[in-house]
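One structure is given below, encoded as structure tokens.
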Amino acid sequence: MQDKTIVFATNNQHKLEEIRRIVGGKFRILSLKEIGCEEDIPETADTLEGNALMKARYVKEHYGYDCFADDTGLMVDALDGAPGVYSARYAGPGHDSAANMALLLKNLEGITARSARFVTVIALILNGRELTFEGKVEGEILNEAHGSAGFGYDPVFKPVESTVSFAEMTPDTKNAISHRGRATAKLMDYLLEA
Ligand code: ITT
């Protein structure tokens, strides 16, 4: 990639910080705020890929920038894949991560088979092309929240590679095995070749 600056189409400050940390000095990541986009970008598709593409296309169409967007879901087997693509609003519109986690733990009460996975799809629009990159991490939903690092569902998710939750890890430890870390590594491989 000739110009090593690219926009990350997210309104989630935690995602922005994670991606900037993963990318390090290899690329300069501009936030939506930095390009003057302050509105909520619609994400009404029913797949992670569809939503990631919607967000990236919105920025390209309205602001003209090549960019990438991330859509992430937590899929819980005992709940037939819920909250999945609806992870951000599991407890209803306007509810925060604490409410989402509380509902998840309530819906899993008494259930011992607690396998789950985080999936991230990153959609990239670059030089007139659209591409997607997926990252996944297998794990389980804990019986209660543990730790205060990270964001979202991190306190209740323990990856198979670890004995502790994502919220009990340093950012670098989480990024090394996480859904977003894995999807971003694929994105970077592509950008470094482009
Ligand atoms: P943007 O769409 O603006 O990027 P968002 O917070 O709406 O931000 P998503 O729709 O992708 O992002 O997020 C789905 C939900 O999953 C949301 O509640 C997040 O808090 C949560 N989430 C995303 N990534 C996570 C991670 O790495 N660890 C824990 N929870 C995460």
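Both ligands and their constituent atoms are indexed starting at 1 by order of listing. The first residue in the sequence is number 1, and the count goes up from there. Predicted model only: the values in this text are computed from it and were never measured.
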- Arg28, CZ: over 12 other non-hydrogen atoms inside 6.0 angstrom: no

Report all N/O contacts between ligand 1 and the protein shorter than 3.5 Å as a table of atom names and distances to 0.1 Å; if there are none, say 'none'.
| from | atom 1 | to | atom 2 | distance (Å) |
| --- | --- | --- | --- | --- |
| ligand 1 | 2 (O) | Glu43 | OE2 | 2.7 |
| ligand 1 | 2 (O) | Lys55 | NZ | 2.6 |
| ligand 1 | 3 (O) | Thr10 | OG1 | 3.4 |
| ligand 1 | 3 (O) | Asn11 | N | 2.8 |
| ligand 1 | 4 (O) | Thr10 | OG1 | 2.7 |
| ligand 1 | 4 (O) | Lys15 | NZ | 2.8 |
| ligand 1 | 6 (O) | Asn12 | ND2 | 2.9 |
| ligand 1 | 10 (O) | Glu43 | OE1 | 3.4 |
| ligand 1 | 10 (O) | Asp71 | OD1 | 3.3 |
| ligand 1 | 11 (O) | Lys15 | NZ | 2.7 |
| ligand 1 | 11 (O) | Asp71 | OD1 | 3.4 |
| ligand 1 | 11 (O) | Thr72 | N | 2.9 |
| ligand 1 | 12 (O) | Lys15 | NZ | 2.9 |
| ligand 1 | 24 (N) | Arg180 | NH2 | 2.8 |
| ligand 1 | 27 (O) | Lys174 | NZ | 2.8 |
| ligand 1 | 27 (O) | His179 | NE2 | 2.7 |
| ligand 1 | 27 (O) | Arg180 | NH1 | 3.0 |
| ligand 1 | 28 (N) | Asp154 | OD1 | 2.6 |
| ligand 1 | 28 (N) | Lys174 | NZ | 3.4 |
| ligand 1 | 30 (N) | Tyr153 | N | 3.0 |

- Message: Can you classify the ring geometry of Tyr190 versus Phe133 as parallel (below 30°), tilted (30 to 60°) or perpendicular (above 60°)?
- Response: tilted

- Glu193, CD atom: more than 12 neighbouring heavy atoms under 6.0 Å: no

- Whether Thr10 side chain and Lys15 backbone form a donor-acceptor pair below 3.5 Å: no

- Contacts of Asp77 that satisfy salt bridge (Lys or Arg N to Asp or Glu O under 4.0 Å) - sequence neighbours left out: Arg117

- Message: Could you check whether atom CD of Glu43 has more than 12 heavy atoms from other residues, nucleotides or ligands sitting under 6.0 Å from it?
- Response: yes

